[in-house]
Amino acid sequence: MPLPFHIDIVDIVFKGILIGLIASAPMGPVGVLCVQRTLNKGRWYGFITGIGAAVSDMIYALVTGYGMSFIMDLITAPRTLFALKILGSILLMFFGIYCFKSNPTKKVHFSGKAKGTLIHNGITAFLVTFSNPLIIFLFMATFAQFAFVVPNRPWLMVGGYTGIVLGALLWWFGLTWLIDKVRGKFDSGGIVLINKIIGSVVIIFSVIFLIGTIFNLYTFEY
């Protein structure tokens, strides 16, 4: 029996926020760039860098959701959905391990102290993020695990994608606020530490999702 629409929309917006946080939190090249710009230019330059990254992520999220919507009718069988959620959990686990072990400060573009315009900072961050289409695999994993794509319910999906944007902006706003507060005490070691914490959290949640799926402790179907 379908949930009432107002419960559906709250549920999918919450899932979208989680997906936005998961996609934005790992400290890849754009994350390092955001930290550097916050330290060198000011908090709002760092935040606009995050907004540029969020726009790129949203494009890839829309592409992923659009592609998955065509095959959702073919994978509605319980066994197929079960396999997809297992695969999504495993992909998230590998992503968390990679995040934990990676050092994002190597081989990245370092931001100078010349401020430039906010628009320029946003566009360059967008291009840095858009040049890495591998984010699609992360969206595929999270969309599968959360049963995020709901065909033939466009207004529900609008709420879900809005949640992804909110989650991304929440991360970038919080990160730049934190970096601005601890400036002078934050270095490359802090960036690596953030990545290890994020990787650990993703690994823990992926294990919880995997166990929950195997033992049917929860369900995300509509």
Side-chain angles (χ1 to χ4, degrees), residues 6-39 41-65 88 92 95-96 99-100 104 118-119 121-126 128-130 132 135-136 138-143 145-149 155-183 186 190-191 193-206 208-209 220:
H6 67 281
I7 297 179
D8 276 357
I9 195 70
V10 171
D11 183 61
I12 201 166
V13 168
F14 178 71
K15 292 177 186 176
I17 291 173
L18 287 179
I19 292 171
L21 287 169
I22 292 172
S24 302
M27 296 295 289
V30 75
V32 177
L33 193 62
C34 176
V35 171
Q36 292 172 345
R37 285 178 173 174
T38 302
L39 294 173
K41 304 178 181 183
R43 180 185 175 189
W44 296 113
Y45 282 87
F47 184 55
I48 202 70
T49 299
I51 291 177
V55 172
S56 173
D57 286 345
M58 176 50 59
I59 292 174
Y60 281 126
L62 288 169
V63 170
T64 304
L92 279 177
F95 174 75
C99 186
F100 181 87
L118 289 173
I119 293 177
N121 280 263
I123 290 175
T124 53
F126 169 83
V128 168
T129 309
F130 198 70
N132 181 24
I135 189 69
I136 286 179
L138 178 57
F139 282 125
M140 288 175 64
T142 52
F143 283 11
Q145 178 53 239
F146 292 129
F148 182 78
V149 178
W155 289 110
L156 201 62
M157 292 309 302
V158 168
Y161 288 118
T162 301
I164 293 178
V165 173
L166 291 175
L169 294 182
L170 180 63
W171 169 257
W172 295 117
F173 187 85
L175 178 65
T176 54
W177 176 85
L178 176 63
I179 300 304
D180 188 56
K181 291 297 181 182
V182 299
R183 65 169 59 248
F186 198 87
I191 295 175
L193 178 60
I194 289 177
N195 238 27
K196 288 187 179 299
I197 293 173
I198 293 167
S200 300
V201 172
V202 172
I203 292 171
I204 291 170
F205 274 97
S206 68
I208 292 173
F209 291 149
F220 285 126

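Sequential numbering from 1 along the given sequence is applied to the chain's residues.
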S.K.: Residues in side chain to side chain contact (heavy atoms under 4.5 Å, CB included) with Leu18, at least two apart?
M.R.: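 Only Phe14, Phe146 meet the side chain to side chain contact (heavy atoms under 4.5 Å, CB included) criterion with Leu18.
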S.K.: What pair of heavy atoms forms the shortest contact from Leu138 to Ala23, and how long is it?
M.R.: CD2-CA, 3.7 Å
S.K.: Taking ring-ring contact (aromatic ring centres under 6.0 Å, His included) as the definition, give me every residue that meets it alongside Phe139, ordered by chain and number, with sequence neighbours left out.
M.R.: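 Listed in chain order: Phe143.
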S.K.: Does Asn132 have any side-chain hydrogen bond (donor to acceptor under 3.5 Å, both in side chains) partners at least two apart in sequence or in another chain, and if so, which?
M.R.: none
S.K.: If every non-hydrogen atom of Leu169 is compared with every non-hydrogen atom of Phe47, which pair is closest and at what distance?
M.R.: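 Closest heavy-atom pair between Leu169 and Phe47: O-CE1, 3.8 Å.
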S.K.: Rounded to the nearest 0.5 Å, what separation is found between the NZ atom of Lys181 and the OG1 atom of Thr176?
M.R.: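 The NZ atom of Lys181 sits 11.0 Å away from the OG1 atom of Thr176.
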S.K.: With Phe130, which residues qualify under side chain to side chain contact (heavy atoms under 4.5 Å, CB included), at least two apart?
M.R.: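 Phe130 satisfies side chain to side chain contact (heavy atoms under 4.5 Å, CB included) with Ser56, Ile59, Tyr60, Phe126 only.
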S.K.: Rounded to the nearest 0.5 Å, how far apart are CG of Leu33 and OH of Tyr45?
M.R.: 14.0 Å
S.K.: Go through it in stages, so that I can follow the logic: the residues are Lys15 and Thr142, the test is side-chain contact (heavy atoms from CB on, under 4.5 Å), and I'd like the CA-CA distance, side-chain angles, deciding distance and then a yes or no.
M.R.: CA-CA 9 Å; Lys15 292 177 186 176; Thr142 52; over 6 Å; no
S.K.: Identify which one of Asp57, Thr129, Ile19 satisfies the side chain to side chain contact (heavy atoms under 4.5 Å, CB included) criterion when paired with Ser24.
M.R.: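 Looking at Asp57, Thr129, Ile19, the match for Ser24 under the side chain to side chain contact (heavy atoms under 4.5 Å, CB included) is Asp57.
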S.K.: Return a table of donor-acceptor pairs under 3.5 angstrom between the side chains of residues 158-166 and protein atoms on other chains or two or more places apart.
M.R.:
from: Thr162; atom 1: OG1; to: Val158; atom 2: O; distance (Å): 2.7

S.K.: Restricting to non-hydrogen atoms, name the atom on Thr38 and the atom on Asp180 that form the minimum distance, rounded to 0.1 Å.
M.R.: CG2-N, 4.1 Å
S.K.: Heavy atoms only: give me the nearest Pro26-Phe95 pair and the separation to one decimal.
M.R.: CG-CZ, 3.1 Å
S.K.: Stepwise, does the side-chain contact (heavy atoms from CB on, under 4.5 Å) test hold for Cys34 with Leu175?
M.R.: CA-CA 9 Å; Cys34 176; Leu175 178 65; 4.3 Å; yes
S.K.: To the closest 0.5 Å, what do you measure between CD1 (Ile22) and CD1 (Ile17)?
M.R.: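 That separation rounds to 12.0 Å.
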S.K.: Under 6.0 Å from the CE atom of Met58, do we count more than 12 heavy atoms belonging to anything else shown?
M.R.: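 For Met58, atom CE is crowded (more than 12 foreign heavy atoms under 6.0 Å).
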S.K.: Can you tell me how far the CD1 atom of Ile179 sits from the CD atom of Gln36, to the nearest 0.5 Å?
M.R.: 11.0 Å
S.K.: According to side-chain hydrogen bond (donor to acceptor under 3.5 Å, both in side chains), who are the partners of Thr124, at least two apart in sequence or on a separate chain?
M.R.: Arg37
S.K.: For Phe205, what residues pass the ring-ring contact (aromatic ring centres under 6.0 Å, His included) criterion, not counting sequence neighbours?
M.R.: none
S.K.: Over all heavy atoms of both residues, which pair between Ala125 and Thr49 is shortest? Give the atoms and the distance, please.
M.R.: CB-O, 3.1 Å
S.K.: Trp177: which residues meet the ring-ring contact (aromatic ring centres under 6.0 Å, His included) condition with it, sequence neighbours left out?
M.R.: none
S.K.: Which atom pair, heavy atoms only, marks the closest approach of Ile48 to Asn121?
M.R.: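 Minimum heavy-atom contact is CG2-CB, 3.8 Å.
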S.K.: Quick one, Ile198 with Trp171, criterion side-chain contact (heavy atoms from CB on, under 4.5 Å). Give me CA distance, side-chain angles, the key distance, then yes/no.
M.R.: CA-CA 12 Å; Ile198 293 167; Trp171 169 257; 3.8 Å; yes
